[in-house]
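Structure first, then comments.
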Amino acid sequence: MTTAAAPTDLLYSEAEEELRSAVRALLTDRCDAKSVLDRAGTGRPHDPALWNTLAAGIGAAGLLVPEKLGGQGASHREAAVVLEELGRAVAPVPYLTSAVLATEILLGCDTAEAAPLLRELASGSTVCVPAVPLTLAPGAPLPAAVRDLGDGGLTGTVTSVADAVAADVLLVLADTGLYAVPAAAARLTPRIPLDLTRPLATVTLEAAGGTRLADAGTARAAVAGALLSGAGLLASEQLGLAEWCLTETVGHVRSRHQFNRPVGSFQALKHRLARLWLDVASARAAARAAADALATAAPDAPLTVAVAQAYCSGVAVRAAEECVQLHGGIGMTWEHPAHLYLKRAKADSLALGTAGHHRGLVADFAELPAP
Amino acid sequence: MTVITAEHLLTRVQELLAAHPPAGTDRGAFLRARFDAGLAWVHYPEGLGGLGAPRSLQVVVDAALEAAGAPDNDPRRIGIGLGMAAPTILAYGTEEQKRRFLRPLWTGEEVWCQLFSEPGAGSDLAALGTRAVRESGSGDWIVDGQKVWTSSAHTARWAILIARTDPALPKHRGITYFLCDMHDPGVEVRPLRQITGEAEFNEVFLTGVRIPDAHRLGAVGEGWAVARTTLMNERVSIGGMRIPREGGMIAPVAAAWRERPELRTHALHQRLLDLWVEAEVARLTGERLRQQLVAGQPGPEGSGMKLTFARLNQEISGLEVELLAEEGLLYDDWTMRRPDGVDFTGREAGYRYLRAKGNSIEGGTSEILLNIVAERVLGLPPEPRDDKDLAWKDLSR
């Protein structure tokens with residue numbers, strides 16, 4: 001593992017910065033902390049109007065989809081920038097699940113049956129989520145919870161399916177292949193999630209009918225590839241989230257006075273925040289490297305993604321925990337949005353593989369075997 | 001004004017190589033010719049080793065000359081001259097000073113050291129007490145005091161020196177900056193043996209050292225501003241260098257892990273993976289900074305890289321000693337040496353562990369650097385302080 005890494009572009013292009021500005025302007029306008037908080041309390045956190053503008057208006061849902069299939073023909077680099085902004089706003093939209101995971105599965109299938117659904121996803125008119133647990137990690141064995149009973153249809157139970165309550169279509173991995181199942185054909189049991197902005201449900205299929213999109217081998221490879229992309233891009237969501245926590249905390253300690261001076265003038269706090277800034281700057285490099293490796297299909301993409309996930313999960317959680325702590329009593333209230341970020345950060349650290357799981361992958365890729 | 005391009009520089013390189021073929025040219029003669037051709041540091045002015053070209057094009061020149069087998073000027077050995085003395089002389093020197101000092105500095109014919117830190121003034125550098133008193137009549141300065149942590153003092157021909165010229169002023173205001181001849185009477189260099197056993201640094205005793213006023217850099221009493229230029233350049237050491245994946249301190253640990261399965265334990269495996277990931281992320285962060293510099297959009301990450309590498313070097317070298325089990329109880333050699341520079345790779349794990357302890361102290365302690373990040377990058381308020389307006393002579397010490 002002493003070979004030099006391939007040239008990696010770790011900066012943001014002008015086009016990426018323009019995309020960022022558009023997404024950020026939309027979120028500033030329509031996804032402020034108060035409205036996210038208000039929706040989160042209802043158990044139906046998603047804002048369909050916001051999704052429509054983001055997905056169809058800005059075209060963010062189709063970034064990964066080629067133009068010939070109605071998408072933007074962009075890459076993981078652009079999708080990563082969108083996720084940074086969504087993380088910064090803890091935006092309750094099914095972007096990671098529909099525009100990244102489901103889209104990548106359908107792209108990975110590359111079948112005629114998948115194409116029409118891909119067009120709908122790219123336009124943002126349909127929300128489609130994979131019926132797999134949010135904790136399913138790249139490199140882990142794929143679940144075999146759903147069986148195809150032939151005339152009896154698809155039968156099985158999948159737990160912890162993210163954004164299922166917002167979905168029009170579920171992508172179901174069964175023993176015989178991949179199926180598109182209308183959400184109405186499944187029984188959804190919402191669970192109470194730690195992260196109020198990304199709802200979870202148990203999906204129960206009882207002889208459900210669906211459209212077969214790919215055979216079992218193709219389906220499993222497509223899901224494995226999508227999990228890799230999803231994990232790599234989740235690092236950008238974690239980066240954006242951590243940046244918000246750092247910025248918000250720095251702003252707070254500059255203005256909050258105790259002991260007749262700004263709290264932020266105490267060296268103990270300054271050093272903590274300086275260390276956190278270093279962590280966030282490092283997380284940016286790691287997340288950018290993962291996005292670029294996925295965009296260029298670099299041979300070391302699996303390693304770069306594992307490194308990004310092993311690193312960025314911890315930074316996001318640390319940033320959110322520091323945000324709560326350094327806001328003092330204010331940070332413990334429901335009214336202040338810090339808790340939304342902590343809950344998202346902690347849930348993200350379980351999503352698509354824990355840091356420990358990804359360190360295990362690093363051990364494999366870097367040839368540093370366990371005893 | 002013509003903009004100098006990479007093509008233009010490559011033409012110059014070919015002309016230099018044609019006039020002075022590396023194979024048949026004396027090393028010193030080649031380096032002098034390279035300086036005179038403006039290819040030493042291309043962003044410096046013409047006549048002073050450069051061509052006023054964009055700094056980012058230096059890599060083009062370096063790569064072309066390296067490919068041609070041309071001798072280099074060994075930046076590691078003369079790092080203080082290149083990284084600290086040169087940019088300060090360029091910014092504050094008289095024309096005569098620039099012409100006198102920059103060429104032999106760059107070719108390495110004259111090695112430089114830095115007489116800044118003192119036993120009583122390290123992190124609080126502006127509290128320094130070395131005195132420079134102007135002799136009436138000659139106008140020369142007579143310097144008395146003690147400096148410490150001076151690397152290369154035993155090989156240096158010249159030093160950059162800051163000394164107090166007015167103790168009645170507050171500490172930042174009564175300082176003046178000088179260029180000191182290390183061969184002058186009254187300059188005594190003593191090796192300072194360190195925890196590694198070697199003496200990489202020195203103590204320098206200055207007793208009645210006479211410095212002509214022509215070797216003053218910048219105005220009398222304005223030395224702190226000049227010194228800040230030096231210190232800022234000291235910390236911009238990251239940049240052109242590309243580190244390969246698994247380069248640096250993680251390399252010997254990873255190699256030992258692969259080659260010696262009998263040393264592996266589960267607890268060490270977790271720590272190794274943690275640090276491997278952090279080292280890779282630090283490499284990417286440095287690479288991102290490098291790309292920002294090349295693109296002409298320097299980010300604040302530079303202020304943080306030294307902090308990251310100091311911490312990682314210490315944790316990784318500590319892990320390495322533990323991994324080696326019984327061998328970790330041993331040390332390669334306690335003989336007192338006076339090396340030209342630091343060599344992490346030429347020594348064994350125990351040396352790396354002990355030497356890395358200096359990474360969070362030298363060139364600004366990690367605590368001071370964290371303050372700098374907090375105040376200059378994050379905009380947090382400074383600590384309240386009561387030494388700014390007091391005369392230096394009235395400070396407690």
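Since we're looking at a predicted model, the values are computed, not measured. Letters A, B, ... mirror the listed sequences (proteins, then strands); counts begin at 1.
If you take OG1 on A:Thr304 and CG on B:Leu284, they are separated by 7.0 Å, rounding to the nearest 0.5 Å. Separation of atoms CD (B:Gln292) and OH (A:Tyr12) is listed at 9.5 Å; rounding is to 0.5 Å. To the nearest 0.5 angstrom, B:Arg245 atom CZ is 4.5 Å from A:Asp300 atom CG. Within the model, atoms CZ of B:Arg288 and CG of A:Leu11 stand 5.5 Å from one another, a figure rounded to the nearest 0.5 Å. Atom CD of A:Gln267 and atom CG of B:Leu380 lie 11.5 Å apart (nearest 0.5 Å). To the nearest 0.5 Å, the span separating CG on A:Asp279 from OG1 on B:Thr308 amounts to 8.0 Å.
Of all the listed residues (B:Leu273, B:Leu272, B:Val373), the one sharing the greatest number of non-hydrogen pairs under 4.5 Å with chain A is B:Leu273. The choice from B:Pro261, B:Pro382, B:Ala255 that makes the most heavy-atom pairs within less than 4.5 Å of chain A is B:Pro382. Most heavy-atom pairs under 4.5 Å with chain A, from the set B:Ser366, B:Gly304, B:Ala251: that is B:Gly304. Most heavy-atom pairs under 4.5 Å with chain B, from the set A:Ala306, A:Ser282, A:Pro262: that is A:Ser282. Of all the listed residues (A:Arg284, A:Arg288, A:His358), the one sharing the greatest number of non-hydrogen pairs under 4.5 Å with chain B is A:Arg284. Chain A forms the most heavy-atom pairs under 4.5 Å with one residue out of B:Leu263, B:Val281, B:Leu307, and that residue is B:Val281.
Side-chain atoms of B:His269 come within 3.5 Å of backbone N or O of A:Leu368 as a donor-acceptor pair. When atom types are taken as modelled, the side chain of A:Arg359 and the backbone of B:Gln270 share no donor-acceptor pair closer than 3.5 angstrom. Side-chain atoms of B:Trp257 come within 3.5 Å of backbone N or O of A:Pro369 as a donor-acceptor pair.
With a 6.0 Å radius and a threshold of 12 heavy atoms from other residues, nucleotides or ligands, B:Glu367 has its CD atom above the threshold. Counting heavy atoms of neighbouring residues, nucleotides and ligands inside a 6.0 Å radius, atom CD of B:Glu262 exceeds 12 of them. More than 12 heavy-atom neighbours from other residues, nucleotides or ligands sit within 6.0 angstrom of OH on B:Tyr351. Around CH2 of B:Trp224, the count of heavy atoms belonging to other residues, nucleotides or ligands within 6.0 Å exceeds 12. B:Lys357 NZ: more than 12 foreign heavy atoms inside a 6.0 Å radius.
Side-chain contact between B:Pro384 and A:Arg261: present, with at least one pair of heavy atoms (C-beta onward) separated by less than 4.5 Å. A heavy-atom distance below 4.5 Å is not found between the side chains of A:Leu278 and B:Glu301. Proximity of A:Leu10 to B:Glu287: side-chain heavy atoms (C-beta onward) are separated by under 4.5 Å at one or more points.
Nearest heavy atom pair, residue A:Trp277 against residue B:Pro300, reads CH2-O, 3.3 Å. When every heavy atom of A:Lys270 is checked against every heavy atom of B:Glu383, the shortest pair comes out as NZ-N, 3.6 Å. Closest approach of B:Ala374 to A:Ala274, counting heavy atoms only: N-CB, 4.1 Å.
Of the atoms belonging to A:Ala281, heavy atoms from both backbone and side chain fall under 4.5 Å from chain B. Neither the backbone nor the side chain of A:Arg272 comes within contact range of chain B, judged by heavy atoms closer than 4.5 Å. Interface residue B:Ala295: only side-chain heavy atoms are found under 4.5 Å from chain A. B:Leu378 touches chain A through backbone and side chain together, each having a heavy atom under 4.5 Å away.
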